[in-house]
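Numbered from 1 within each chain, the chains take letters A, B, ... in sequence-line order.
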Number of protein chains: 2
Amino acid sequence: MTHPERTPPAPVEINDDTLRGFVGYHIKRAFNVIQDDLTATLKPFGLRMLTHTALILIVDNPGLSQSQLAAAMDIERSNLVVIIDELEGRELIIRDRVPNDRRAYALKATLTGRRLCEKAVAACTDHEARIFAGLDTSTRDTLLKVLSSVRNSQNS
Amino acid sequence: MTHPERTPPAPVEINDDTLRGFVGYHIKRAFNVIQDDLTATLKPFGLRMLTHTALILIVDNPGLSQSQLAAAMDIERSNLVVIIDELEGRELIIRDRVPNDRRAYALKATLTGRRLCEKAVAACTDHEARIFAGLDTSTRDTLLKVLSSVRNSQNS
DNA sequence: ATCATTTCGTTATGATATATAACAATAATG
DNA sequence: CATTATTGTTATATATCATAACGAAATGAT
């Protein structure tokens, strides 16, 4: 030995073994990556994850009410209001009237909304291809089965 | 057929096929379930996901700085301050001094902090057993491999 | 040694997400 | 009819997260 080993700029090794022992930790970290990329993907369309999800469900389910939409998105009705306000303000959807219930709104996408939704969904498809590149069908099925069983583990 | 099928209270079928076509959607929904259960699991210990994560990393890496911890948790230094304040206020950790750098703190867990952490980690282990019941080792490995590749897809 | 740059912890601020309570209008029920 | 439930809404509180700026201190360049 010629030189006494001088510790270099210290790459700082941090032990996260305990955390990596939890599957949920890996899911969270992976989801953060997905969310970041998805957020960037939707930005050019002026959409966020929540507004995009709402728009898709309205396009695919014309006439559904805010209560139904909130239930489908698993968020509170009160928190949906601002989301619907935003989409309506951009004239991507309209709050139509339900024939026999003057309380509820029948949410419907405008032509502009449907077109924007279509483009955004296409961008999301690309986004998923990027994120899940090299995920074969079999592995994908396994993944979805696990995620589904997690969802079904609720209240048990 | 004796009775004309009367549609019951309308279970309201909502089409979310588009959303279910995205793997990220399933991950988010599954993670919501995990997060809810984990939050409930940590509540008796007075910990939230972030404070718990920080406490674990401090216990396992005595003397690390706030910058290092923020980097490890992938959050901003500024947002870590309140987390550390909270843990310090409950005397679970201390802000010790780094010998040769009067700017940085050396975070260390107290005995109380280490004991609480140990119990909370045990509770989390139970939580994971609940959530991921019936997840065999092979499937688990596949899952972790996918999640790891997602994380590595960042900036590519 | 001086000066510029960087790093560390911090404060302030804003955007977003989420949960709860209350309310008026309306519908459904007994 | 009277009571109760539902719908959309407002207000409020909390948590998360990003960004900008700052003083103190360390580092690097000249």
Side-chain angles (χ1 to χ4, degrees), chain A residues 7-12 28-29 31-36 38-40 42-43 46-54 58 63-89 93-107, chain B residues 8-10 12 28-29 31-36 38-40 42-43 46-54 58 63-89 93-107:
Chain A
T7 44
V12 182
K28 170 161 175 57
R29 296 303 286 251
F31 181 67
N32 281 349
V33 173
I34 297 172
Q35 193 169 29
D36 287 351
L38 181 56
T39 298
L42 293 175
K43 195 164 193 176
L47 295 171
R48 287 167 293 127
M49 274 182 51
L50 286 174
T51 53
H52 184 228
T53 300
I58 294 169
L64 90 170
S65 70
Q66 293 187 196
S67 286
Q68 290 169 344
L69 180 54
M73 292 178 64
D74 202 23
I75 65 176
E76 296 297 318
R77 276 171 306 153
S78 58
N79 293 328
L80 182 62
V81 176
V82 284
I83 295 172
I84 298 302
D85 281 350
E86 186 176 326
L87 292 174
E88 191 188 33
I93 65 168
I94 58 167
R95 277 193 247 235
D96 209 349
R97 274 297 169 188
V98 168
N100 291 327
D101 191 335
R102 290 192 298 177
R103 293 170 303 179
Y105 288 125
L107 303 175
Chain B
V12 182
K28 171 162 174 55
R29 296 303 285 254
F31 181 67
N32 281 349
V33 173
I34 297 173
Q35 195 169 27
D36 287 352
L38 181 55
T39 299
L42 293 176
K43 194 163 193 177
L47 295 171
R48 287 167 294 127
M49 275 181 52
L50 287 174
T51 52
H52 184 227
T53 300
I58 295 169
L64 89 170
S65 71
Q66 293 187 193
S67 288
Q68 291 170 344
L69 180 54
M73 292 177 64
D74 201 24
I75 65 177
E76 296 298 319
R77 275 171 306 153
S78 57
N79 293 327
L80 182 63
V81 176
V82 284
I83 295 172
I84 298 302
D85 282 349
E86 186 177 326
L87 291 174
E88 191 188 31
I93 65 167
I94 58 169
R95 278 193 245 235
D96 210 348
R97 275 296 170 188
V98 168
N100 291 327
D101 191 336
R102 287 192 299 174
R103 296 169 303 178
Y105 288 125
L107 303 175

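A 4.5 Å side-chain heavy-atom check between K28(A) and N32(A) finds at least one atom pair inside the cut-off. Taking the side chain as every heavy atom from C-beta outward, I58(A) and I84(A) approach each other to under 4.5 Å. In this structure the side chain of I83(B) reaches within 4.5 angstrom of the side chain of I75(B), judged on heavy atoms.
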Practice prompt. Begin with the C-alpha distance, continue with both residues' side-chain angles, and end with the deciding distance and a verdict on side-chain contact (heavy atoms from CB on, under 4.5 Å) for E86(A) and V82(A).
Written response: CA-CA 6 Å; E86(A) 186 176 326; V82(A) 284; over 6 Å; no

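Contacts of residues 93-101 of chain B with DNA chain C (heavy atom under 4.0 Å): R95(B).
OP1 or OP2 of dT7(D) sits under 4.0 Å from a side-chain N or O of S67(A). Contact annotation: Q68(A) side-chain N/O to dT7(D) OP1/OP2 distance is not under 4.0 Å.
No donor-acceptor pair closer than 3.5 Å links the side chain of R48(A) to the backbone N or O of T39(A).
Rounding to the nearest 0.5 Å gives a distance of 7.5 Å between CZ of R95(A) and CG of L107(A). A distance of 12.0 Å separates CG in D74(A) from OG1 in T53(A), rounded to the nearest 0.5 Å.
Scanning all heavy atoms of the two residues, the minimum distance from Q66(A) to L80(A) falls at O-CD2, 3.1 Å. Minimum interatomic distance between R29(A) and A72(B) (heavy atoms only, all atoms of both residues): NH1-O, 3.1 Å. Of all non-hydrogen atoms in L87(B) and A54(B), the two that sit nearest each other are CD1-CB, 3.9 Å. Of all non-hydrogen atoms in A104(A) and R97(A), the two that sit nearest each other are O-NH1, 3.3 Å.
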Strictly under 3.5 Å: I want the nitrogen or oxygen pairs between protein and nucleotides 12-17 of chain D, one per line.
residue: dT16(D); atom: OP2; partner: R48(B); partner atom: NH1; Å: 2.3

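Comparing S78(B) and A104(A), the nucleotide of DNA chain D nearest to each residue sits closer to the 5' end for A104(A).
At whole-Å resolution of the value, CZ in R77(B) and C1' in dC22(D) are 12 Å apart. Protein atom CG of L80(A) is 9 Å distant from nucleotide atom P of dG8(D), rounded to whole Å.
For DNA chain C, the span of nucleotides reached by chain A at under 4.0 Å from its heavy atoms goes, 5' to 3', from dT16(C) to dA27(C).
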